[in-house]
There are 2 protein chains.
Amino acid sequence: MYTSVIIIDDDAIVRESVRMFLEAQSDIEVIQCFGRAEDYLAELAKNQFQPNHILLLDIGLPGLGGLEAIPEIKQIADPDIIMLSTYEEEDKILKALSLGATSYISKRAGLKAILEGIQIVQKGGAYLSPAVAREVVGFFAQSKRKKEEFELPARQYEVLSALSEGRTYQEIANEMSISVETVRSHIKKMYRNMQVKNKVEAINLYMNGSVK
Amino acid sequence: MYTSVIIIDDDAIVRESVRMFLEAQSDIEVIQCFGRAEDYLAELAKNQFQPNHILLLDIGLPGLGGLEAIPEIKQIADPDIIMLSTYEEEDKILKALSLGATSYISKRAGLKAILEGIQIVQKGGAYLSPAVAREVVGFFAQSKRKKEEFELPARQYEVLSALSEGRTYQEIANEMSISVETVRSHIKKMYRNMQVKNKVEAINLYMNGSVK
DNA sequence: CAAAAAATCACCCTATAGGGTGATTGACAG
DNA sequence: CTGTCAATCACCCTATAGGGTGATTTTTTG
């Protein structure tokens, strides 16, 4: 079974070298190449020329950029998208994955990485080239480190949870079947326990998991 | 230059087959193998026997589990940790990465994946085996989908951002060098734009990325 | 260039939040 | 069995938030 690939890259040299490299593989067929995302989108809107292809999408395109193109593409079809990028910037990577790219490969990783990525995606997996994976892993590592944990009594925690959903003291009192004064009391003690002085600070801590 | 590797896996068959496979490589030296994380930690506490080794850590260990072991290890030393796991469960994967593992490999991906992972980590990259990468990518994709986006004018966005950090109207006014009345005005318009009726609801939307 | 939207400020008034102090009850640990 | 702490409630008072209305000026944009 052939793997159908479409390449979008504004750099003709990159485009051609990737195409030639991939076509040398016995199981890959490059069905089309584009220099601009707009051209690909136009083709996509016209024909359904690719049943289930894999799209190699450069992130630094002139005009409609690679990132902005993703939602447009997803509206019409649902190819597996492998992003190609010259640099490994965390925000670009996370953005691309959030928008629905299945893989992300740094051009520095070389043609073999692109081939590996295509083969993995074809089998239902996802591929992140080494430096890209490093950024993604780093995102998780930084996000949950270095914060003291607060352990709250049950009711204080309940109140905090309700606060974080935007309820007023009165609403919380009704839901918990206690008086507003008690709610206030819980909140005051909670603020001391957590060493904060208002709702927003408390909710911020609650939201990023520093409270249990 | 040799790459020093330590293996922790309770399954003797896995342990030995990985060790033999790795030692067949010319540039890798398996300096020690353990069946339990506790034994490794004891060695680590005693000697500084490994300058900068790579640790292959099984996630399903009896006693001190692979995940629980990570913080203990990090307290004493800082090896690059590659998690090995039989299954690809999103929560385990994210937990491991949050705790500071640099890579995560499914045992189903085979010995070659382990070798590739070690080589990549040795070069400063990170490696996620295909199905694992799929889970991680899926985490981003699901987390930001299917919610209407609000696009706010610049100042309203600035105010919202400041609100989300717990500042009062007065503090925001000072920081932005405008009057409190203007801050209030921005906030009122912002609430209408976002269809919310208080700070907390607005911040909740802001926090999970529905606002730009 | 004209209309729309963004940004600025003002004054009205009410609702909600939050700090302090103190009391009662029941559970639990030393 | 006595002190600590969670949970409940009450009253005092001030600060902060938020809704309505309306005005002026600048910026954007069709």
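So that the names make sense, note that chain A is the first sequence line, chain B the second, and so on, each numbered from 1.
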Discussion item. Would you say that A:Gln156 contacts A:Asn193 through its side chain, given a criterion of any heavy-atom pair below 4.5 Å between the two side chains?
Written reply: yes

Worksheet item: Do A:Glu116 and A:Lys112 sit within salt-bridge range, that is, some charged N less than 4.0 Å from a carboxylate O?
Response: no

Scan nucleotides 24-29 of chain D against the protein and return all N/O pairs shorter than 3.5 Å with their distances rounded to 0.1 Å.
none

Worksheet, complete the sentence: Per nearest nucleotide of DNA chain C, the residue lying toward the 5' end, B:Val180 or B:Leu152, is B:Leu152

Item to complete: Return the orientation label for the A:Tyr206 and A:Tyr157 ring planes: parallel under 30°, perpendicular over 60°, tilted otherwise.
Response: perpendicular

Item to complete: Check each of B:Arg36, B:Arg19, B:Lys107, B:Arg15 against B:Asp9 using the salt bridge (charged side-chain N to carboxylate O under 4.0 Å, His left out) test, and report the only one that passes.
Response: B:Lys107

Discussion item. Heavy atoms within less than 4.0 Å of DNA chain D: which residues of residues 163-176 of chain B have one? Give them sorted by number.
Written reply: B:Thr168, B:Tyr169

Worksheet item: Can you list every ring pair (Phe, Tyr, Trp, His ring centres under 6.0 Å) pair that touches residues 66-85 of chain B, not counting sequence neighbours?
Response: none

Discussion item. Determine whether a donor-acceptor pair (N or O, by modelled atom type, separation under 3.5 Å) exists between the side chain of A:Glu88 and the backbone of A:Glu135.
Written reply: no

Atom pairs and distances, donor-acceptor, side-chain atoms in residues 120-127 of chain A, under 3.5 Å, two or more places apart:
none

Worksheet item: Is a donor-acceptor contact shorter than 3.5 angstrom present between the side chain of B:Ser179 and the base of C:dC9?
Response: no

Practice prompt. Round to a whole Å and report the spacing from CD of A:Gln156 to C1' of D:dT8.
Written response: 13 Å

Worksheet item: Backbone N or O of B:Leu64 within a donor-acceptor pair of the B:Glu38 side chain at under 3.5 Å?
Response: yes

Under 3.5 Å, N/O pairs linking protein and nucleotides 19-21 of chain C:
unit_1: C:dG19; atom_1: OP1; unit_2: A:Lys197; atom_2: O; d: 3.1
unit_1: C:dG19; atom_1: O6; unit_2: A:Arg184; atom_2: NH1; d: 3.4
unit_1: C:dG19; atom_1: O6; unit_2: A:Arg184; atom_2: NH2; d: 2.3
unit_1: C:dG20; atom_1: O6; unit_2: A:Arg184; atom_2: NH2; d: 3.3
unit_1: C:dG20; atom_1: O6; unit_2: A:Lys188; atom_2: NZ; d: 2.7

Discussion item. Output the rounded distance in Å from CD (B:Glu201) to C1' (D:dG18).
Written reply: 13 Å

Worksheet, complete the sentence: side-chain contact (heavy atoms from CB on, under 4.5 Å) test vs B:Met83 passes for just one of B:Leu128, B:Ile70, B:Val132, B:Thr102, namely B:Ile70

Item to complete: For B:Lys189 and D:dG18, give me the distance from atom NZ to atom P, rounded to whole Å.
Response: 16 Å

Item to complete: In whole angstrom, give the distance that lies between atom CD1 of A:Ile178 and atom C1' of D:dA6.
Response: 12 Å

Discussion item. By the 4.0 Å heavy-atom rule, please label B:Lys199 as base, sugar-phosphate, or nothing.
Written reply: sugar-phosphate

Worksheet item: Taking C-beta and beyond as the side chain, do A:Phe21 and A:Ile114 meet within less than 4.5 Å on heavy atoms?
Response: no

Discussion item. Are B:Phe140 and A:Tyr104 an aromatic pair, judged by ring center distance below 6.0 Å?
Written reply: no

Worksheet item: Rounded to the nearest Å, what distance is computed from the NE2 atom of residue B:His186 to the C1' atom of nucleotide D:dG18?
Response: 16 Å

Strictly under 3.5 Å: I want the nitrogen or oxygen pairs between protein and nucleotides 26-30 of chain C, one per line.
none

Worksheet item: A:Leu152 versus A:Leu160: any side-chain heavy-atom pair under 4.5 Å?
Response: yes

Worksheet entry | Test side-chain contact (heavy atoms from CB on, under 4.5 Å) applied to A:Ile8 and A:Asp58, A:Leu56, A:Leu61, the passing residue | A:Leu61

Fill in: A:Met20 atom CE: more than 12 heavy-atom contacts under 6.0 Å
no

Practice prompt. Ignoring the backbone of A:Ser185, work out which of C:dT8, C:dA6, D:dC9 is nearest its side chain.
Written response: D:dC9

